[in-house]
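To start, the structure itself, in structure tokens.
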Amino acid sequence: MKHSWRAGAALLALTMAAGLAGCGGQTSDKTQSGGEKDSYTVGIVQLTPHEALDQATQGFQDALKEAFGDKVSFDLEYAANDPATCATIANSFVSSGVDLIMANASSALQAAASATGDIPVLGTSVTEYGVALKIDDFSGTVGTNVSGTSDLAPLDQQAAMIQEWCPDAKTVGLLYCSAEANSQYQVDTVQECLEGLGYTCTQYAFSDSNDMAAVTQTAADNSDVIYVPTDNTVATNASIVDNICRPAKIPVFAGEQGICAGCGVATLSISYYDLGVTTGKMAVKVLRGEADISQMPIEYAPQFTKMYNKAICDDLGLTPPEGYTAIEAE
Amino acid sequence: MLDFLNALPGAVSQGLIWGIMAIGVYLTYKILDIADLTVDGSFCTGGAVFVVLFSQGVNLWVALLAAMVSGMAAGLVTGLLHTVCGIPAILAGILTQLGLWSVNLAIMSMKANVALNIINPDVLNKLLVSLRFVQDVSKGTRPFYQHPIFVVGVVTVVIIAVLYWFFGTELGCSIRATGANQAMARAQGINTARNQVLGLMISNGLVALSGALLSQYQGFADANMGRGAIVIGLAAVIIGEVIFSKIFRNFGLKLLAVSIGAIIYYMVIQLVLSLNLMDSNYLKLLSAVVVAVFLSVPYWKGKYFAKPVKRGGVNRA
């Protein structure tokens, strides 16, 4: 009895002492301006492991390694798809004094922006910075220690792509996960574009992978064509969409290559790897002190590729128009 | 290790915020003897209500109060489902939690994620807590009393004091009696149904308040933010109990133990992250293991380490 009392008290004391010691701890003051340093530490916070996000992280790391070689080291942490964990990770980066934080996905960016006002933060795989950071009248430059790249695909061209493939279709079902802010944004935008082209659009939102099949089935029953934005939940469950839409002979158009490879007919895709490389090049400029991050506007993917899924096109009896390349099987 | 020490203030702040939620969980799980799963939804409700109101220019304290009231409403629904409709408590909580998903999205105008414009210093300075303040205080650009540990610490102490007072009143005592032995409480003329509803409301009000504080702290509310909150809450309750049950016997101190339990939980998570002990994808598994271990300890203690009863029993004379 007595023993456990002491253990408890000691632990309590330790907790308090550690908390206090931490309070006094100074973050290391590393200068960011001018010249190259001997070594750089870059913290990467990624919302969840997922093909597109992984590629962006890979591209980012490759670009930095190309510029700095062994002088740059990475601390890559995943937040297990839990937004609150992003804050924990961002806190550990800031307190260990990394030279730069790369935030992959919206809530990672929000947590990193909350965590620091000094350390440069570069986001990627974020669709709209104005929305993600709640900036009214967003001008394209955040203006503080935050900048990055957007994964926004050209939504008007995607709408035009649907018209190119299916000129006779009348109704388009927009399928997405209601838990993803980016998907909502894209679906709203693409709906405007499609309605401008004379299509009737209906949004089909599912809340998670559990009711995805039922919602997809409804969408397939009531639509001539289905459009899926760059939705993370669809990306991880593309086979559900494929198993419903392929037998029903409903073509699916996707916002990115990964989803298209799983369940889509065609896509006008950005390469997340290239997007990561673009982000990495921005990071190099910031770390070398060649550019002031508060002056750097949000950058976009360097190029878009028109791609189609050969297996699904064959099954549905569709012939791709000119200029589309087949997605290679992995 | 130095990284870990530097990261501690942030971890402790986050632990304190979750600690308020854990106190809410303690009230239902330990006092009312109900495993209330509403919290996974009401946590986000609190965050969503706060962020939406605050970004429309509503006063911070009014927004916090509104968040708390919204959580109490969620608790009320669970309570009515349980008492009036006779649905088992655990299922009633799951139903409310499920329904809250849509309600939370509706609160955020059907967006999954709403942010506070913390880039703007005017907005930032109006906040009660922010992850940013942790660094600002250690650099000396903000006074110490804006440190989240201090602010949330004061909030926690006030909450514990109010709860201590409340559970000492006649009404509070009858709520405790309801959880301790419902049949006996009813036999004493206590309205157990009303007490259960009331307990669930208080609990979820605290959970929503914690959600509102966390969304301020991290700068956004997200539809996914409450997922698994009940596990963190239970972890805090159990860690606090295992470590402090022998020294903290007073009701107020027991609530404090829950808060410290949440801090310890976040310190462990931070330790794992800072020392790169494992791939961060294993964090959820680690959480589950931590809770399972702390749940097993009291059982093992009783089973393997209890002193055998002497022949003739213990002499208590």
Side-chain angles (χ1 to χ4, degrees), chain A residues 1 4-5 7-9 11-12 15 18-19 21-27 49 75-92 94-97 106-107 110-111 113-118 131-136 142-144 146 177-181 183-184 205 207, chain B residues 2-12 14 18 55 101-102 105 110-120 124 130-132 134-139 147 149 214 217-220 222-225 227-228 243-244 246-247 260 263-264 266-267 269-270 273-274 276 279-281 283-284:
Chain A
M1 188 68 123
S4 61
W5 192 97
L11 210 126
L12 178 64
T15 315
C23 284
Q26 291 288 321
T27 48
D75 187 357
L76 171 59
E77 304 285 0
Y78 300 95
N81 215 358
D82 176 12
T85 309
C86 288
T88 312
I89 294 171
N91 171 50
S92 76
V94 172
S95 52
S96 66
S106 295
S107 39
Q110 292 165 331
S114 282
T116 178
D118 321 308
V131 174
L133 297 169
K134 181 82 186 154
I135 305 170
D136 301 329
V142 178
T144 56
V146 179
C177 176
S178 56
E180 294 186 35
S183 302
Q184 175 79 62
S207 58
Chain B
L2 192 67
D3 286 354
F4 171 60
L5 288 179
N6 281 333
L8 263 184
V12 172
Q14 216 175 352
W18 285 95
S55 32
W101 171 268
S102 308
L105 281 175
M110 296 302 164
K111 293 195 188 85
N113 179 303
V114 284
L116 291 167
N117 184 5
I118 33 98
I119 299 287
N120 182 346
L124 187 68
S130 167
L131 187 49
R132 188 78 71 84
V134 177
Q135 300 304 322
D136 286 356
V137 171
S138 68
K139 275 184 298 189
H147 197 290
I149 295 184
L214 186 77
Y217 182 74
Q218 66 190 15
F220 63 94
D222 190 291
N224 290 315
M225 75 189 258
R227 272 196 192 167
I243 295 178
F244 299 106
K246 289 282 167 52
I247 41 173
I260 298 175
I263 296 174
I264 294 175
Y266 266 92
M267 282 169 55
I269 300 284
Q270 190 74 62
L273 280 177
S274 293
N276 279 325
D279 191 321
S280 40
N281 282 326
L283 274 182
K284 296 233 164 167

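The figures here come from the full heavy-atom set of this structure, side chains too, leaving out hydrogens, waters and symmetry mates. So that the names make sense, note that chain A is the first sequence line, chain B the second, and so on, each numbered from 1.
If you measure heavy-atom distances from Gln14(B) to chain A, the contacts under 4.5 Å come from the side chain alone. Within the 4.5 angstrom heavy-atom criterion, only side-chain atoms of Asp222(B), from C-beta onward, approach chain A. The part of Ala132(A) that comes within reach of chain B is its backbone (N, CA, C, O), which places non-hydrogen atoms under 4.5 angstrom from that chain.
Interface check for chain B: of the options Ser183(A), Ala90(A), Ala205(A), Ser107(A), the most heavy-atom pairs under 4.5 Å are formed by Ser107(A). Taking chain B as the reference chain and counting heavy-atom pairs below 4.5 Å, the highest number among Gln184(A), Lys134(A), Glu180(A) is found for Lys134(A). Heavy-atom pairs under 4.5 Å with chain A were tallied for Leu105(B), Leu214(B), Ile119(B); the largest tally goes to Ile119(B). The candidate from Asp136(B), Asn117(B), Leu124(B) with the greatest count of non-hydrogen atom pairs under 4.5 Å with chain A is Asn117(B).
In terms of the side-chain hydrogen bond (donor to acceptor under 3.5 Å, both in side chains) criterion, residue partners of Ser207(A) (sequence neighbours excluded) are, by chain and number, Asp211(A). Ser130(B) is linked by a side-chain hydrogen bond (donor to acceptor under 3.5 Å, both in side chains) to nothing, counting only residues two or more places apart in sequence or in another chain.
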- Apply the test side chain to side chain donor-acceptor pair (under 3.5 Å) to residues Asn113(B) and Gln110(A): give CA-CA distance (whole Å), side-chain angles for both, the deciding distance (0.1 Å), then the verdict. CA-CA 10 Å; Asn113(B) 179 303; Gln110(A) 292 165 331; 2.7 Å; yes

- Apply side chain to side chain contact (heavy atoms under 4.5 Å, CB included) to the pair Asn224(B) and Asp82(A), showing each step before the final yes or no. CA-CA 7 Å; Asn224(B) 290 315; Asp82(A) 176 12; over 6 Å; no

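For the atom pair OG of Ser178(A) and CE of Met110(B), the computed distance is 8.5 Å after rounding to the nearest 0.5 Å. Distance check, rounded to the nearest 0.5 Å: CD of Gln135(B) to CG of Asp118(A) gives 8.5 Å.
When every heavy atom of Ala111(A) is checked against every heavy atom of Leu131(B), the shortest pair comes out as O-CD2, 4.0 Å. The two residues Val131(A) and Ala115(B) come nearest to each other via the heavy atoms O-CB, 4.3 Å. When all heavy atoms are compared, the tightest approach of Ser114(A) to Ile118(B) is N-CD1, 3.7 Å.
Checked by atom type and distance alone, the side chain of Arg132(B) never pairs as donor or acceptor with a backbone atom of Ala115(A) at under 3.5 Å. Between the side chain of Asn91(A) and the main chain of Ala7(B), a donor-acceptor pair closer than 3.5 Å is present.
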